[in-house]
Enquirer: 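There's a structure below that I have some questions on.
Just follow the structure's listing: the first ligand is 1, and inside any ligand the first atom is 1. What you are looking at is a predicted structure, and each value in this text was computed from that prediction instead of being measured.
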Amino acid sequence: MKILITGGAGFIGSHVVRLFVNKYPHYQIYNLDKLTYAGNLKNLIDVEDKPNYSFIKADIVDETHIFEVFNEHKFDAVIHLAAESHVDRSITNPNEFIMTNVIGTANLLNASRHIWGDKMDGKLFYHISTDEVYGTLGDTGMFTETTPYDPHSPYSASKASSDHIVRAYHDTYGLPTIISNCSNNYGPNQFPEKLIPLFIHNIRNKKSLPVYGKGENVRDWLYVEDHARAIDVVFHSNKLGETYNIGGHNEWKNIDLINKLCDLVDDALGQPTGSSKELITFVKDRAGHDLRYAIDATKIKNELDWEPQETVETGFRKTVQWYLDNQEWLDDVTSGDYQGYYEQQYDKR
Ligand code: NAD
Ligand code: DAU
């Protein structure tokens with residue numbers, strides 16, 4: 001089976017690529033990525049020489065190039081993760097999100113239809129989405145697969161649009177699709193613009209920790225390898241046309257999570273527990289900031305027997321340790337040096 005994974009050089013994508021390359025040596029895994037600021041091929045150094053792995057540098061917005069790639073490789077399945085993913089960036093530059101997340105997804109759907117024609121048996125277009133499409137919760141309740149869409153940021157609106165288009169291609173053309181909507185991921189290799197890696201980096205460098213608003217927003221955190229395992233399970237489920245919510249049953253108010261992180265990083269650095277809390281600075285709230293996300297993951301548990309394996313204690317501790325042990329990765333990413341790796345490693349091949 002030839003599987004195209006888009007966005008494989010990013011945070012979640014790199015964990016999915018690693019899992020599939022190592023677990024399924026008989027699958028050919030093609031990682032297609034534009035290598036935006038968020039794409040870092042150094043995330044995949046340990047698998048880049050495996051015989052069942054190839055990298056394709058391409059922009060999913062470039063329809064002509066995407067059709068060429070599909071015509072050449074005739075993929076059997078697509079796992080689509082490529083996206084602009086950071087809410088704050090979507091507020092300053094929404095068009096980038098509309099292009100990649102909406103037009104880019106449509107290009108991949110069209111290219112899949114083009115190569116599969118009416119021979120769709122055994123084919124799959126698996127679209128990776130977010131819980132943010134459901135909007136925000138109050139103090140109670142959880143998102144289920146039937147919660148109506150109500151996105152608020154340009155990021156979540158672009159992801160919601162792409163979900164609708166994927167469903168439309170299933171219903172209209174019979175394209176074999178599945179969608180999953182996941183909660184906030186954390187773990188190694190996340191770009192330090194997102195809360196957890198940014199704050200670990202700032203604590204280490206004694207920089208301020210900018211908490212939006214009063215820090216009362218709630219997120220449901222899932223360890224990235226648990227998400228990758230869920231993607232593996234959903235990919236092999238053959239539940240065409242279905243949607244699965246994926247989440248950690250791990251809700252944290254931002255300020256509580258930040259206090260916990262401060263303690264963990266202080267302990268790991270051998271400084272007095274809690275001392276980094278003096279870096280906490282309350283700043284202007286994010287525009288349109290959703291109050292609370294929480295995933296009801298009953299469907300995936302009951303139908304596909306998936307549950308997170310990592311606990312808060314093990315997952316957070318492991319994550320803090322990874323960033324502290326991989327200071328070079330963080331320096332590389334924050335300085336921009338990683339962006340030369342593709343030319344150095346691939347242009348000469
Ligand atoms: P990320 O920003 O770390 O990685 C995105 C990857 O997509 C990068 O490698 C980037 O180079 C690539 N990319 C961006 N634009 C592209 C384009 N035009 N053409 C080709 N490649 C392009 O994102 P992530 O956090 O790993 O998220 C991956 C997917 O999972 C996204 O679809 C996101 O919406 C979804 N998701 C993320 C989370 C989370 O907490 N991070 C939670 C639920 C769902
Ligand atoms: O819920 C899934 C989503 O989770 C994914 O679809 C997105 O791709 C991913 O970026 C993430 O979105 P969030 O906006 O929830 O993640 P972020 O890490 O940016 O912020 C988490 C919370 O922390 C949010 O309430 C905003 C707050 N925050 C964030 C940053 C970067 C701060 O208070 N200060 C900060 O500096």
Enquirer: Quick one: nearest non-hydrogen protein atom to atom 14 (O) of ligand 2, plus distance?
Expert: Arg286 NH1, 2.6 Å
Enquirer: State plainly whether the residues Glu303 and Lys239 are in salt-bridge range, i.e. N to O under 4.0 Å.
Expert: yes
Enquirer: Could you tell me which atoms of ligand 2, counted from 1 in the order shown, lie closer than 4.0 angstrom to a heavy atom of Lys194?
Expert: 10 (O), 18 (O)
Enquirer: What residue and heavy atom of the protein are closest to atom 3 (C) of ligand 2, and at what distance?
Expert: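 Going atom by atom, the protein heavy atom closest to atom 3 (C) of ligand 2 ends up being Glu132 OE2, 2.9 Å.
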Enquirer: Are Ser129 and ligand 1 in contact, using a heavy-atom cut-off of under 4.0 Å?
Expert: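 Contact present.
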Enquirer: Could you find the nearest protein heavy atom to atom 26 (C) of ligand 2 and give me its residue, atom name and distance?
Expert: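 Scanning the protein heavy atoms, the shortest distance from atom 26 (C) of ligand 2 goes to His289 NE2, 3.4 Å.
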Enquirer: Look at the aromatic rings of His73 and Tyr30 and report parallel, tilted or perpendicular, splitting at 30° and 60°.
Expert: tilted
Enquirer: Of Leu304, Asp232, Leu124, which meets side chain to side chain contact (heavy atoms under 4.5 Å, CB included) against Ser237?
Expert: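 Output: one option passes, namely Leu304.
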Enquirer: Specify the protein heavy atom at minimum distance from atom 11 (C) of ligand 2: its residue, its atom name, and the distance to 0.1 Å.
Expert: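 It is Asn184 ND2, 3.4 Å.
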Enquirer: Parallel, tilted or perpendicular for His80 and His127, by the 30°/60° rule?
Expert: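 The rings of His80 and His127 sit tilted, inter-plane angle from 30° to 60°.
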Enquirer: Under 4.0 Å from a heavy atom of Leu198: which atoms of ligand 2 are those, numbered in the order shown and with their elements?
Expert: 36 (O)
Enquirer: Parallel, tilted or perpendicular, judged at 30° and 60°: which one describes the rings of Phe67 and His114?
Expert: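 If you compare the ring of Phe67 with that of His114, the planes turn out tilted.
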Enquirer: Salt bridge between Asp263 and Lys260, side-chain N to carboxylate O under 4.0 Å?
Expert: no
Enquirer: Within the 4.0 Å heavy-atom shell around Ala58, which atoms of ligand 1 are there?
Expert: 19 (N), 20 (C)
Enquirer: Which of these, Thr100, Asn107, Asp33, has its nearest heavy atom closest to atom 8 (C) of ligand 1?
Expert: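 Result: the heavy atom closest to atom 8 (C) of ligand 1 is in Asp33.
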Enquirer: Any donor-acceptor pair under 3.5 Å linking the side-chain atoms of Asn110 with those of Tyr169?
Expert: yes
Enquirer: Number the atoms of ligand 2 from 1 as they appear, then name those within less than 4.0 Å of a heavy atom of Thr130, with their elements.
Expert: 1 (O), 2 (C), 3 (C), 5 (C), 6 (O)
Enquirer: So, do Phe316 and Trp252 have ring centers that fall under 6.0 Å from each other?
Expert: yes
Enquirer: Near Lys159, which atoms of ligand 1 are under 4.0 Å from a heavy atom of that residue?
Expert: 31 (C), 32 (O), 33 (C), 34 (O)
Enquirer: Heavy-atom distances under 4.0 Å decide this one: backbone, side chain, both or neither, for His80 against ligand 1?
Expert: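 Under 4.0 Å from ligand 1, His80 contributes no heavy atoms.
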Enquirer: With a cut-off of 4.0 Å, which atoms of ligand 2 are near a heavy atom of Pro210?
Expert: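 Under 4.0 Å from Pro210, ligand 2 has these atoms: 32 (C), 33 (O), 34 (N), 35 (C), 36 (O).
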Enquirer: Does Trp221, backbone or side chain, put an N or O under 3.5 Å from an N or O of ligand 2?
Expert: no
Enquirer: Classify the ring geometry of Tyr24 against His236: parallel below 30°, tilted from 30° to 60°, perpendicular beyond 60°.
Expert: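 Rings of Tyr24 and His236: tilted, as their planes differ by 30° to 60°.
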Enquirer: Polar-atom distance check: Asn40 versus ligand 1, any N or O pair below 3.5 Å?
Expert: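 No.
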Enquirer: Would you check if the side chain of Lys299 reaches a backbone N or O of Thr243 as a donor-acceptor pair within less than 3.5 Å?
Expert: yes
Enquirer: Is there a path of hydrophobic side-chain contacts, each under 4.5 Å between heavy atoms of I/L/V/M/F/W/Y residues, joining Leu324 to Ile258?
Expert: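 As far as the 4.5 Å side-chain criterion goes, Leu324 and Ile258 are connected within one cluster.
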Enquirer: Select the closest option to atom 5 (C) of ligand 1 among Ala83, Ser85, Cys182, judged by heavy-atom distance.
Expert: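 Looking at heavy atoms only, the winner is Ala83.
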Enquirer: Where do Leu291 and Thr136 come nearest, in terms of heavy atoms and distance?
Expert: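 Taking every non-hydrogen atom into account, N-OG1, 2.8 Å.
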Enquirer: Is ligand 1 under 4.0 Å from a heavy atom in the side chain of Leu35, in the backbone, in both, or in neither?
Expert: backbone
Enquirer: To the nearest 0.1 Å, how far is atom 23 (O) of ligand 2 from its closest protein heavy atom, and which atom is that?
Expert: Asn254 ND2, 3.4 Å
Enquirer: Which residue owns the protein heavy atom closest to atom 40 (O) of ligand 1, what's the atom, and how far is it?
Expert: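 For atom 40 (O) of ligand 1, the nearest protein heavy atom comes out as Asn185 N, 2.8 Å.
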Enquirer: Under the criterion salt bridge (charged side-chain N to carboxylate O under 4.0 Å, His left out), I'd like the reasoning laid out for Arg229 against Asp226: C-alpha separation, chi angles, the key distance, then a yes or no.
Expert: CA-CA 5 Å; Arg229 278 189 281 272; Asp226 276 325; 2.8 Å; yes
Enquirer: For ligand 2, which atoms, with element, lie under 4.0 Å from some heavy atom of Tyr293?
Expert: 1 (O)
Enquirer: Students should be able to answer this: which protein heavy-atom is nearest to atom 29 (C) of ligand 2, and at what distance?
Expert: Tyr212 CE1, 3.6 Å
Enquirer: Tell me whether Gly10 has any N or O atom under 3.5 angstrom from an N or O of ligand 1.
Expert: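 Checking ligand 1 against Gly10, an N or O pair does fall under 3.5 Å apart.
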Enquirer: If the cut-off is 4.0 Å to any non-hydrogen atom of Asp131, which atoms of ligand 2 fall inside it?
Expert: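 Counting from 1, the qualifying ligand atoms are 1 (O), 2 (C).
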Enquirer: Report yes or no: does a heavy atom of Ser183 sit under 4.0 Å from some atom of ligand 1?
Expert: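 Checking ligand 1 against Ser183, which is what was asked, there is a heavy-atom contact under 4.0 Å.
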Enquirer: Answer yes or no: does atom NZ of Lys74 have more than 12 heavy-atom neighbours from other residues, nucleotides or ligands under 6.0 Å?
Expert: yes
Enquirer: Tell me the nearest of Ser85, Cys182, Gly247 to atom 8 (O) of ligand 2, using heavy-atom distances.
Expert: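 The option holding the nearest heavy atom is Ser85.
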Enquirer: So if I apply the side chain to side chain contact (heavy atoms under 4.5 Å, CB included) rule between Ile29 and each of Leu19, Leu4, Ile5, which one comes out positive?
Expert: Ile5
Enquirer: Within ligand 1, which atoms have a heavy atom of Lys34 less than 4.0 Å away?
Expert: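 That gives atoms 16 (C), 17 (C), 18 (N), 19 (N), 20 (C), 21 (N), 22 (C) of ligand 1.
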Enquirer: Angle between ring planes, His164 versus Tyr149, binned at 30° and 60°: parallel, tilted or perpendicular?
Expert: tilted
Enquirer: Name the option, out of Val61, Ile12, Asp62, that contains the heavy atom nearest to atom 24 (P) of ligand 1.
Expert: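 Residue with the shortest heavy-atom distance to the ligand atom: Ile12.
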Enquirer: Near Arg286 CZ, under 6.0 Å, is it more than 12 heavy atoms from other residues, nucleotides or ligands?
Expert: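 Atom CZ in Arg286 is packed in, count exceeds 12.
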Enquirer: Out of Val87, Leu195, Asn181, indicate the one that has the non-hydrogen atom closest to atom 17 (P) of ligand 2.
Expert: Leu195
Enquirer: Taking only non-hydrogen atoms of Tyr155, do any sit less than 4.0 angstrom from ligand 1?
Expert: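 Checking ligand 1 against Tyr155, which is what was asked, there is a heavy-atom contact under 4.0 Å.
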Enquirer: Under a 4.0 angstrom heavy-atom cut-off, which atoms of ligand 2 come close to Tyr155?
Expert: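 The list of qualifying atoms is 5 (C), 6 (O), 7 (C), 8 (O).
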Enquirer: What are the atoms of ligand 1, with element, lying closer than 4.0 Å to any heavy atom of Asn184?
Expert: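 Counting from 1, the qualifying ligand atoms are 40 (O).
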Enquirer: Of all the atoms in ligand 1, which lie at a distance below 4.0 Å from a heavy atom belonging to Asp59?
Expert: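 This gives 17 (C), 18 (N), 19 (N) as the contact atoms.
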Enquirer: Would you say the side-chain atoms of Arg219 pair up with the backbone N or O of Ser183, donor to acceptor, closer than 3.5 Å?
Expert: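 Judged by distance alone, no pair lies under 3.5 Å.
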Enquirer: Enumerate the atoms of ligand 2 whose separation from the nearest heavy atom of Val211 is less than 4.0 angstrom.
Expert: 33 (O)
Enquirer: Are any of the N/O atoms on Glu193, whether in the backbone or the side chain, positioned under 3.5 angstrom from an N/O atom of ligand 2?
Expert: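 Such a contact does not occur with ligand 2.
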Enquirer: Could Asp139 and Arg292 be called an ion pair, given the rule that one side-chain N must be under 4.0 Å from one carboxylate O?
Expert: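 Looking at Arg292 together with Asp139, the answer is no, because their closest N to O distance does not fall below 4.0 Å.
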Enquirer: Mark up the atoms of ligand 1 that fall under 4.0 Å of a heavy atom belonging to Ile128, in ascending order.
Expert: 30 (O), 32 (O)
